[in-house]
Structures are given as structure tokens and as C-alpha cells.
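Input: a single structure, listed below in C-alpha cells.
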Amino acid sequence: MVRKKIDYLASLNEVQRAAVESMEGAVMVIAGPGSGKTRVLTYRIAYLIENGIEPWRILALTFTNKAASEMKERIEQVVGPGARKVWMGTFHSIFARILRVEGHRLGYPNDFTIYDTDDSKNLIKDIINSMQLDPKVYKPGVVLSRISMAKSNLITPKRYANNDDLMVYDRMNRVPMIFQIYEKYTERCLRAGAMDFDDLLLQMFRLLYQNPDNVREKYNLAFSHILVDEFQDTNSLQYEIIKLFLDPNRENPNICIVGDDAQSIYSFRGATIDNILNFEKDFPQLQVFKLEQNYRSTKHIIGAANKVITNNDRQIQKKIWTEELEGHKIKLIKTVTDTEEGKRIADLIVEYKNRFHVKNSDMAILYRTNAQSRIFEEHLRRLNLPYKIYGGLSFYQRKEVKDVVAYMRLTINPLDDEAFKRVINFPKRGLGGVALNSIFMKAEQANISLYHACFETELSPKAKNAVNEFIRLIESFMQKNQESNAYETASYIVKKTGIMEVFKAENTLEAFGRMENINSLLDGVQEFVENDEFTEGEPVERNLSGYLQNIALLTDFDQKEEETDFVTLMSVHSAKGLEFDCIFVVGLEENLFPSYMSLSIPEQIDEERRLFYVAITRAKRFLVLSYANSRYQYGEIRMNDPSRFIEEIPIEHLEDNSPIKQKLILDKPKILGGIKPLDKKPVNDYSKEAQNFIPDHPDKIEENMRILHLKFGPGTITGIEGYKENRIARIDFDNLEGPEKRIVLKYAKLKILQ
DNA sequence: AACAATATCTTTTTT
DNA sequence: AGATATTGTT
């Protein structure tokens, strides 16, 4: 076959090209933001394929589905449909796929369920209750994260109990029974035929490590080239798995990792920078390529980013540079309240649209916590700006969607206790605490699933009836599933459960929305059935089981969009790997960004700084940073200082009228004054100007104005409370120590400067 | 058992 | 503040 040689290699710079062409052996690509990392990765895979490597012998692991599908698409553009046969996907989805085939060797059914975080927490809650422990002491979330930590470090329940450090730690925290909860949790997951997110990694490891039926060899031979994206975000378990995938018979295996230590932002879930550092030791013949030229951002943005990141000690030396223009300086916005921040940003978005013709879709608001999205949402809606929020509650996490999915899960895997609990009494069929408790007890004591316990539990006739009906319902779903595709079964389920009728009866706007969600869930199932795009060469079937497998690891990113030109709102974490013309990084305050959780631990501050680095390097042309003096947190108003990260940006990269810049300039005389006390002016020195001092009308005073006070001198209005004649201004006077003053405007006599 | 009222907790980030 | 969990009432 003669394939036209697409000249993609010519579009690469020297280092990029070298990285692409180094086909064999261990390769590490250190790639700064915007340095064409994805290009290198995709072209490398394309290059491998063009040079005779079978696509299905390439394993490429990414962190998000989005990254995977994007890369697949781009490879396909170069090498054609063969690209679809590359094993490309997230760690979790690829491992889930393999475990569907091999999991039986570890005692899991092929149709195992994937427990999401809610399922896990609910199960833990159950166990805590059944052990008669106080759920206020044993918080499910905390327990889960301990278990997760243990799993990521290959610590089994038994080893947990024998590990002094862990046990002492738990005892000190007054939760000495975690090891036992962990043990029960593991048993219950296995009994339910379920894996949680960590299990997808852990069981994959066990499979390769314990190597039943020499299954490891099968995969060692299958994959000749392995590539890992965002390697800085892998945890040690993921690294161990990667190593087990490598053929031990190869002296210098074909493994290529791509990453940037400066963008490592997932240490909270066990990711460790050590993986990058250890990589050099584990693969002595390693070739290293550093991509340092940035093709994304202007000089001001890169300058700021470079300077900020120097505040972190531990990093691989590199210097990011760009040939782009100087560009616009970074805009810094200071507001008094979080509400005002929302308004200012929304206004700015309109301004950027008008002045610079930036499209909505080229703008993104990035925040530290998802909870911050609401205010921006409100103000964007007020200005009729289309927007889309990523993260937070995803579609598949909504109650009604989870309920329908629970019915599907139970149909596929009746052992799935968490699904059972969700729907046993929804819609209501008159089963309450008493009846359910006896079922739970029975299951516990006979060590069987809840579903099977239904057959063996003594119940009141009324309850028995309801339970039998429920069982018959599920059985009819199983029957239907035998003879129908996923969509037919799903609509059958929705119809027979009568969920829609429940919402219809509610007759509220909210219930209407829920019905809509269930309909779009069904649409999604239908799309899955009709769309075999992803199936080529893959063992994913278009039945209900395949569908569940497909959605278990999906996030909001993977939803289809109808509207195309919308402003993006998301957490900084989810923005990794993306770029926008115009980026707004909001909520830059101490205690928020950096998060208060990280303040006391230097390593975590460094991680917050890397997060900030990621945030600002998303911007191509415009970067806006904002902070508010006060905001609602935990239902009360909190005052926070501006984030330390703002001050780490060299002043020459900030717009001239930036609040920090003004403050620094005005601060100078104060510092000098400290050296030369004589220079200190008496506070009322401004009275000299009294003759030509004409105060402005109080109603004209607004927030952020620079004003002159007859007695106190120049200052900045940091806030206004009250209305009309009762308006009180908070004023930060330049020459006054201590907190800002509150002055009733009616009496104040202020002159607006400029 | 179902619903209403009250108490509690949350907020770091994600597969 | 808002969602969720728990308790109280019918």
C-alpha cells in the first residue's frame, strides 16, 4: 500500500522530532506547558505505526478520556482508521477492559460492577453501622481515603493490621478499627462482584503480579510499545503496573513517558513526583528530551509563570521560553465581595468580546474549588452569556440518573448490593426500616448478597409481597436483557419501574428536570447502541453490560454539547491539558488558593503553586487574575488576604493600574519614612489643601475609587455597605496603619482622585 | 411508613 | 448558604 507521506515531521522542532523518531528503548519527554506534548505523543504513535508496529501492540495510557479520544482522532488523521486499534485510554478504563476478560482469575465476575465514590462511602457507612461504631468518629470519607491510601501502597487488610505506623496513626486519631472496616469492605466488594476505582488498579496489579495461568506473559507479548501521558500524576501503584506490563526479557524495553514535574497536581491522591525521578534509575539507558519552547502563550504570561515556579525548590531544571509577542499585560482585579467578583468577571467577558472579539468558547473561568462556580453562573446568566460548567455534580451522579442506572446494574449483576439499596424502595413500594433491616441481617449472617437474601428472609406478608414483586421486576429485566439491546432494555426498565410517573405526580419544575435527565440518559443509551465507532477491534459489546462499563468511568467532559459557543467554567484541576485565548483565574486568596488545607505543609503549598502555574499557563493571550476581600464560606463572611501567588508575579507583567502595583508604589514612602523619621508628615498635613478642597457628592463614591480625605489623606474605597444616606464606606488609607476605616459617607467629605 | 422539621456538616482537587 | 442526615410527628 502506498500511503502518502504526510509531512508531519516537518512541522516539529528539532527536539520534538527527535523524541518522535526515537522509537526504541526507554524514553522520557519532559514537556513544559504548551510545548507540543500532545503532538509529540500522537506523532510518535503515528510514526510507530508507519514503521510497521501493529496498532494493537501499542498501549497508550492517559489520565482523561478526553485526552485519549483527542489523541486517537489526531493519530487517525495521520495514519487512517488503524489508529482505532491502538490500546489508548485512561488507566482505569484500559484496566477495566482487561479485567473484564481476566478478572475471573481473581474471583470476579466478567460483568463486575464499578463502584463510584458514593457507592464506596455508602458501603463503608453500612459496615460502620454494623460494627456498631460511631459514624461521627468514623467518617466514611476519611475511612475511604485511608483505605484508598492503603490500596495505592499495596497494603492488604492483613498487612494494614500488622503495620505499626498505620495502626499507631489510627489509634492516635481515635479510629483504631479502620483496619477491620477495610477488611470487611474488601470482602463486601468481592461478594458484590464490585471493584472501586482503586481496585481497577490494584486488581490489575494483582493479576500481573500473582500471574495466574501466566496471564502476564500474554500481555507482555501483546504490547510491544507502551506510552504514558501525564506521568507526573501517576501514583506508585500505577508505576508498578506499568513496569509489570514491560517484557522482562527485553533489556531496554520500549517505554515512553511524557510529563512535566512542574504540573504535578495530584499528590493528594497518591501521585508522586518520585516516579519521574526514579524512572531514571530504573531505566539506566534512558533517553531524555526536554521540550522547552512554548507555542501557546505570550511573553508576559510565560514570564510570570517562570518566575512563580522558581519559588518551588524541587524540580527538574528547565527554562520555558516563547517566540510569541509580548502580548497584553496580566490584569489583576480586586473586589470587595465574592458577588462583586462574579459581576466584574462577567462584565470583563463582555468587554473582551467587544474589544478583542474573543469568542465565548475561547474564554474560561478557572477556580480552585467547584463550589465557587455558582456566583459566576449567576452573573453570566444575567448577561445572557452561554456557559458550561465542568466538574462538580456530573450527569451520572444525579439522583434520578443513578437510580435508573442502579436498576441496570442490578439487572446485570444482582450481587451489586449498593445498587440494590438504592432502588429496593424506589419508587416506593412500602418497604421500610423493619423489613429492610431483616434482609440486611440475613445477608450479613449468611454472607450472601442482599438480592439473594430476599429469598431467604422471613417477612411480614405485606413486605414479603413487595419484595417478591421487586424480585419479579428485576427478573423480568434480566429476561428482557437476554433478548434485547441496551436501549430496549433500558427503556423497558424505565417504563416498568414507573419512575417517570412518580416525577410526573410531583408536578414540580424540579421533577420535570429529572424526567428530562432520564430521557437524555435513554438518549445516551441509544446513541451507545447505534454508535459502533469505538468498538472496532475492541471487545466492548453494545449490550447493557457494555453500556454500564462505558459510563462507569465517564465524566462530564465526555458529554456531547449542543451549544457550541459557550464560556467554560471549571476547576483548575480539570483545566490541565487545555488552553484558551483568555483565562480568568478567580478567588486568588489565601485560604482558598492556596487552600487552607495546605497552608501548614510546605510541600502542599508547592503543589498549590504548581496548580497556579497550570492555571496561568492555560492562557494564550489574555490572563486575568482576581481576588475578593471577603467571601461567603461555610455560611459566614470570611476575610482573606490576597493570595501569595499574586505577589510572586513580577510587577512588569501586570497592568499598570493593578491594585497590588498601586499599593506597592504607595507603600514606598512608608518604608522610606521608616528610615528617615523626619519625612513622616503629620496626618492632618492635607489641611493645607483645604482651600481648594471641594468634596464630591457622597452618591458618587463607589467601590475601588481612589479618594482624598481632608484629614486622613489619600485612600482606596474597599467596600460600601448600606443604601442611600446610610451608606458606609470602608476606606483603606495609604498613610494609616491598622485596619481600614469605616466612614459614613454623608458626613465624610471625600474628593474623588483622577 | 411516610412526611416534616431539625440538626449537622461541608469545601480541595478526580478516575 | 445549601445539601444531606437524623430525628420527630402523624
Side-chain angles (χ1 to χ4, degrees), chain A residues 61-68 89-96 114-118 120-122 125 129 135-136 139-142 144-145 148 151-152 195-202 204 230 233-235 237-238 264-271 338-339 366-375 390-394 396-397 399 425-437 460 462-463 466 551-558 570-576 587 591-599 601 604-605 607-608 610-612 614-615 631-638:
Chain A
L61 298 167
T62 64
F63 264 80
T64 61
N65 297 300
K66 190 168 194 270
T90 63
F91 281 88
H92 290 81
S93 68
I94 293 281
F95 295 170
I114 296 171
Y115 275 177
D116 67 13
T117 308
D118 283 342
S120 297
K121 274 190 198 163
N122 284 332
K125 223 178 281 175
N129 277 333
K136 275 166 199 150
K139 290 179 184 148
V142 174
L144 179 60
S145 71
S148 172
K151 285 182 172 180
S152 310
M195 295 196 200
D196 66 12
F197 286 140
D198 296 311
D199 278 327
L200 293 173
L201 307 180
L202 181 62
M204 188 68 233
E230 309 279 14
D233 288 330
T234 51
N235 64 27
L237 177 52
Q238 283 165 319
S264 156
I265 54 175
Y266 283 105
S267 77
F268 70 93
R269 67 174 196 210
D338 46 358
T339 319
L366 308 184
Y367 33 74
R368 180 65 180 82
T369 66
N370 282 311
Q372 287 164 259
S373 67
R374 259 212 13 245
I375 290 171
Y390 292 94
L393 209 45
S394 97
Y396 295 104
Q397 285 174 311
K399 239 179 258 135
N425 198 31
F426 182 84
K428 306 225 165 72
R429 41 179 76 87
L431 286 166
V434 183
L436 293 184
N437 238 333
S460 72
K462 213 168 92 186
I551 63 164
L553 300 167
L554 281 191
T555 58
D556 249 8
F557 270 119
D558 312 310
M570 62 176 129
S571 71
V572 181
H573 279 88
S574 16
K576 198 175 65 166
N591 296 317
L592 184 62
F593 197 173
S595 154
Y596 71 99
M597 300 289 287
S598 65
L599 291 183
I601 303 159
Q604 290 194 13
I605 288 285
E607 172 138 328
E608 297 280 321
R610 290 193 294 268
L611 196 54
F612 182 62
V614 168
R631 72 173 58 237
Y632 272 97
Q633 269 173 311
Y634 318 104
E636 60 180 7
I637 295 174
R638 297 272 182 108

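Letters go in sequence order (proteins before strands), and every chain restarts at 1. Everything quoted here is computed from the prediction, not taken from an experiment.
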**Prompt:** Does a side-chain N or O from A:T64 land closer than 4.0 Å to OP1 or OP2 of B:dT15, or not?
**Reply:** no
**Request:** Mind calculating the distance between CG (A:N370) and P (C:dA3) to the nearest angstrom?
**Result:** 15 Å
**Request:** Figure out the CG/P separation between A:N591 and B:dT11, and round it to whole Å.
**Result:** 17 Å
**Request:** Respond yes when some side-chain nitrogen or oxygen of A:T117 is under 4.0 Å from OP1 or OP2 of B:dT14, and no when none is.
**Result:** no
**Item:** Length of the line joining A:L201:CG and B:dT15:C1', which is rounded to integer Å
**Value:** 8 Å
**Asked** So what does A:F63 hit on the nucleic acid, given a heavy-atom distance under 4.0 Å: a base, only sugar-phosphate, or nothing?
**Response** sugar-phosphate
**Item:** Position toward the 5' end of DNA chain B (nearest nucleotide), A:K428 or A:S598
**Value:** A:K428
**Asked** Under a 4.0 Å N-O cut-off, is there an ion pair linking A:E608 with A:R610?
**Response** no
**Message:** Nearest whole Å is fine: how far is B:dT13 C1' from A:M570 CE?
**Reply:** 14 Å
**Message:** Strictly distance-based, threshold 3.5 Å: is any side-chain N or O of A:N425 a donor or acceptor partner for the main-chain N or O of A:K428?
**Reply:** no
**Message:** In this structure, how many angstroms lie between the P atom of B:dT14 and the CZ atom of A:F91, rounded?
**Reply:** 18 Å
**Prompt:** Across the strands shown, which category fits A:F593 at heavy-atom distances under 4.0 angstrom: base, sugar-phosphate, nothing?
**Reply:** nothing
**Prompt:** If you measure from CG on A:D196 to CG on A:L144, what distance do you get to the nearest 0.5 Å?
**Reply:** 7.0 Å
**Message:** Taking any heavy-atom pair under 4.0 Å as a contact, classify A:K125: base, sugar-phosphate, or nothing.
**Reply:** sugar-phosphate
**Request:** Would you indicate which nucleotide in B:dT11, C:dA1, B:dT13 comes nearest to any side-chain atom of A:Y632?
**Result:** C:dA1
**Prompt:** Counting side-chain heavy atoms from C-beta on, which of B:dT10, C:dT4, B:dA2 comes nearest to A:N425?
**Reply:** B:dA2
**Distance (rounded to the nearest 0.5 Å) between A:L202 CG and A:M195 CE** = 9.5 Å
**Euclidean distance, atom CG of residue A:L599 to atom C1' of B:dT11 [Å, nearest integer]** = 14 Å
**Request:** Indicate whether A:F268 forms a stack on B:dT13; treat it as stacked only if centroid distance is below 5.5 angstrom and interplanar angle below 30 degrees.
**Result:** yes
**Prompt:** When all nucleic acid strands are considered with a 4.0 Å heavy-atom cut-off, which category describes A:R374: base, sugar-phosphate, or nothing?
**Reply:** sugar-phosphate
**Complete:** With sequence neighbours left out, the residues meeting ring pair (Phe, Tyr, Trp, His ring centres under 6.0 Å) with A:F268 are A:Y266, A:H573
**Request:** Nearest whole angstrom, please: distance from the P of C:dA1 to the CG of A:D338.
**Result:** 12 Å
**Fill in**
In whole angstroms, the gap separating P of B:dT15 from OH of A:Y115 amounts to 21 Å
**Fill in**
Among the nucleotides B:dT10, B:dT11, B:dT14, whichever has the atom closest to the side chain of A:Y266 is B:dT14
